[in-house]
Amino acid sequence: MAPKLQECKLAFIGGGNMAGAIIGGLLAKGTPKTNIHVAEPWDVNRDKMAALGVNVTTSNSEAALTADVVFLSVKPQVAKTVCQELGAAWAEQGKAPLFISIAAGITMDTLRGWSAPAKPRVVRVMPNTPALLGEGASGVFAGDDVGEAERELVSSLLGSVSRATEWVDKEELIDVVTGLSGSGPAYFFAMVEHLTEAGVSLGLTREQATRLAKQTAFGAGKMLVESSDEPAQLRKNVTSPNGTTEAALKSFEASGFKEIVDKAVRAATSRGEELGKTLGKL
């Protein structure tokens, strides 16, 4: 049986921004600082984690051996070495914790292979950067050996930073989540960039255009989250016949906006698949 969230001993292998976001969210929800260990080789990140009051170390195995749940939050390029170290330590100990990977592209089979001879129960998570503000969206996939109580624990852990946590029933759908919400914030940032430039080119100061574009994106996002209407209906609500919004949307349509977005999400999804295959061959 999985422990309750407040009693769960957690280890983070890697203390970067995403690990920091999850840890900050957990602390805000009342998780005891003494229950969290972070292994981080880089002094700057380790100092940031220490400032939160959690336990810090440079040793991956030291952080992971007493944990109920271990988060793999390192760069994909070093994940193999880390998994091999952890797998050897868990095998010697005779048991392995629940192993949550937030490393993009690395498949469950690859993670298990790297962690041999230990056999950790693996969960793959794709969060996104708004988790830094407690406004994240996460996709999750778990192996058949992960029980219902552990799934609920994972949902609770992610709930500290994600407003939307979506479980998918096929591992390949994690790559789709990567293309949609994992990379998605950058799409909206790019949109605000271009809105700002358009406003400047038509006579607004950069400061004015930036403030207006940012607040428009924020306000529209809040309406999307808080309204019971579908996005299509919200769009229709602000589109008067033969009005200014309709003129803009027709321009989008003429430029193939739908196809542009579709291609972008597919490109990011495909890149996630490619990364998984490449990393799996290391």
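Side chains included, hydrogens not; waters and symmetry mates left out as well; all remaining heavy atoms used. Along the sequence shown, the residues carry numbers beginning at 1.
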* Check: Glu207 main-chain N/O paired with Thr210 side-chain donor or acceptor under 3.5 Å -> no

* Structure fact -> The remaining residues in the hydrophobic cluster of Val44, counting side-chain heavy-atom contacts under 4.5 Å among Ile, Leu, Val, Met, Phe, Trp and Tyr, are Trp42

* **CA sep, side-chain torsions, deciding dist, call: Phe99, Leu86, side chain to side chain contact (heavy atoms under 4.5 Å, CB included)** => CA-CA 10 Å; Phe99 194 30; Leu86 295 176; 4.1 Å; yes

* To do: Following the transitive rule for hydrophobic clusters with a side-chain heavy-atom cut-off under 4.5 Å over Ile, Leu, Val, Met, Phe, Trp and Tyr, establish whether Val78 and Val122 coincide in one cluster.
  => yes

* To do: Side-chain contact test, heavy atoms from C-beta onward, threshold under 4.5 Å: evaluate it for Leu195 versus Thr216 and give yes or no.
  => no

* Got a sec, which residues hit side-chain hydrogen bond (donor to acceptor under 3.5 Å, both in side chains) with Asp262, two or more places apart in sequence or on another chain? -> Arg266

* Would you give the length of the straight line joining atom NE2 of His37 to atom OG1 of Thr57, rounded to the nearest 0.5 angstrom? => 8.5 Å

* How close do Ile106 and Ala79 get, heavy atom to heavy atom, and via which atoms? -> CD1-CB, 3.5 Å

* To do: Give the C-alpha distance, both sets of side-chain angles, the deciding distance and a yes or no for side chain to side chain contact (heavy atoms under 4.5 Å, CB included) between Trp90 and Val70.
  => CA-CA 12 Å; Trp90 290 332; Val70 173; 4.0 Å; yes

* **With Phe188 via ring-ring contact (aromatic ring centres under 6.0 Å, His included) - residues at least two apart** => none

* To do: Decide if atom CG of Asn17 counts as having more than 12 heavy atoms of other residues, nucleotides or ligands within a radius under 6.0 Å.
  => no

* Shortest non-hydrogen contact between Ala67 and Ala11, atoms and distance -> CB-CB, 3.7 Å

* To do: Return the set of residues passing salt bridge (Lys or Arg N to Asp or Glu O under 4.0 Å) with Arg211 (not counting sequence neighbours), or none when no residue passes.
  => none

* Asked: In Å, rounded to the nearest 0.5 Å, how long is the span from CZ of Arg112 to CZ of Arg121?
  -> 11.0 Å

* Nearest non-hydrogen partners of Ala19 and Gly15, listed with the distance -> CB-CA, 4.1 Å

* Which residues satisfy the side-chain hydrogen bond (donor to acceptor under 3.5 Å, both in side chains) test with Thr34, sequence neighbours excluded? -> none

* To do: Examine distances only and state if a side-chain atom of Asn55 and a backbone atom of Ile36 form a donor-acceptor pair shorter than 3.5 Å.
  => yes

* Val56 and Glu40: CA distance, side-chain angles, deciding distance, side chain to side chain contact (heavy atoms under 4.5 Å, CB included) verdict -> CA-CA 7 Å; Val56 297; Glu40 171 56 56; over 6 Å; no

* Considering residues at least two apart in sequence or located in another chain, which fulfil the side-chain hydrogen bond (donor to acceptor under 3.5 Å, both in side chains) criterion with Glu92? -> none

* Taking all non-hydrogen atoms of both residues into account, name the closest pair between Ile22 and Val161 and its distance. => CA-CG1, 3.7 Å

* Structure fact -> In this structure, CE of Met108 is separated from CD1 of Ile174 (nearest 0.5 Å) by 8.5 Å

* To do: Would you give the length of the straight line joining atom CD1 of Ile102 to atom CD1 of Ile13, rounded to the nearest 0.5 angstrom?
  => 11.5 Å

* For the residue pair Ala268 and Ser183, what are the closest heavy atoms and their distance? -> CB-OG, 4.2 Å

* **Whether over 12 other heavy atoms sit under 6.0 Å from Gln233 CD** => yes

* To do: Check Asp145 against Glu150 and note the closest heavy-atom contact, atom names and distance.
  => O-OE1, 4.2 Å

* Assess whether atom CZ of Phe218 is packed by more than 12 heavy atoms of other residues, nucleotides or ligands within 6.0 Å. => no

* To do: Please name all residues satisfying ring-ring contact (aromatic ring centres under 6.0 Å, His included) with Phe257, sequence neighbours left out, ordered by chain then number.
  => Phe252

* Among residues two or more places apart or on two chains, list those pairs meeting side-chain hydrogen bond (donor to acceptor under 3.5 Å, both in side chains) that have a residue in residues 122-143. => Arg124-Glu171, Glu135-Arg163, Ser138-Ser162

* To do: Look at the side chain of Thr107 and the backbone N and O of Thr110, then say whether any donor-acceptor pair between them is shorter than 3.5 Å.
  => yes

* Asked: Leu204: which other cluster members, linking ILVMFWY side chains closer than 4.5 Å, directly or transitively?
  -> Leu212

* Can you find a heavy atom in the side chain of Leu157 that is under 4.5 Å from one in the side chain of Phe71? -> yes

* Spacing of CG belonging to Leu98 relative to CG belonging to Leu10, to within rounding of 0.5 Å -> 10.0 Å

* Asked: Could Glu253 and Lys250 be called an ion pair, given the rule that one side-chain N must be under 4.0 Å from one carboxylate O?
  -> no

* **Under 4.5 Å side-chain linkage, directly or through intermediates, the cluster mates of Met223** => Leu224, Leu234

* Asked: Taking only residues two or more places apart in sequence or in another chain, which ones pass side-chain hydrogen bond (donor to acceptor under 3.5 Å, both in side chains) with Ser155?
  -> Trp167

* Structure fact -> Residues at least two apart in sequence or cross-chain that pass salt bridge (Lys or Arg N to Asp or Glu O under 4.0 Å) with Glu7, listed by chain then number, are none

* State the CG-CZ distance between Leu72 and Phe12, to the nearest 0.5 angstrom. => 11.5 Å

* Quick one: does Cys83's side chain get under 4.5 Å of Leu111's, heavy atoms only? -> yes

* Got Leu52 and Lys33 here, is their nearest side-chain heavy-atom distance under 4.5 Å? -> no

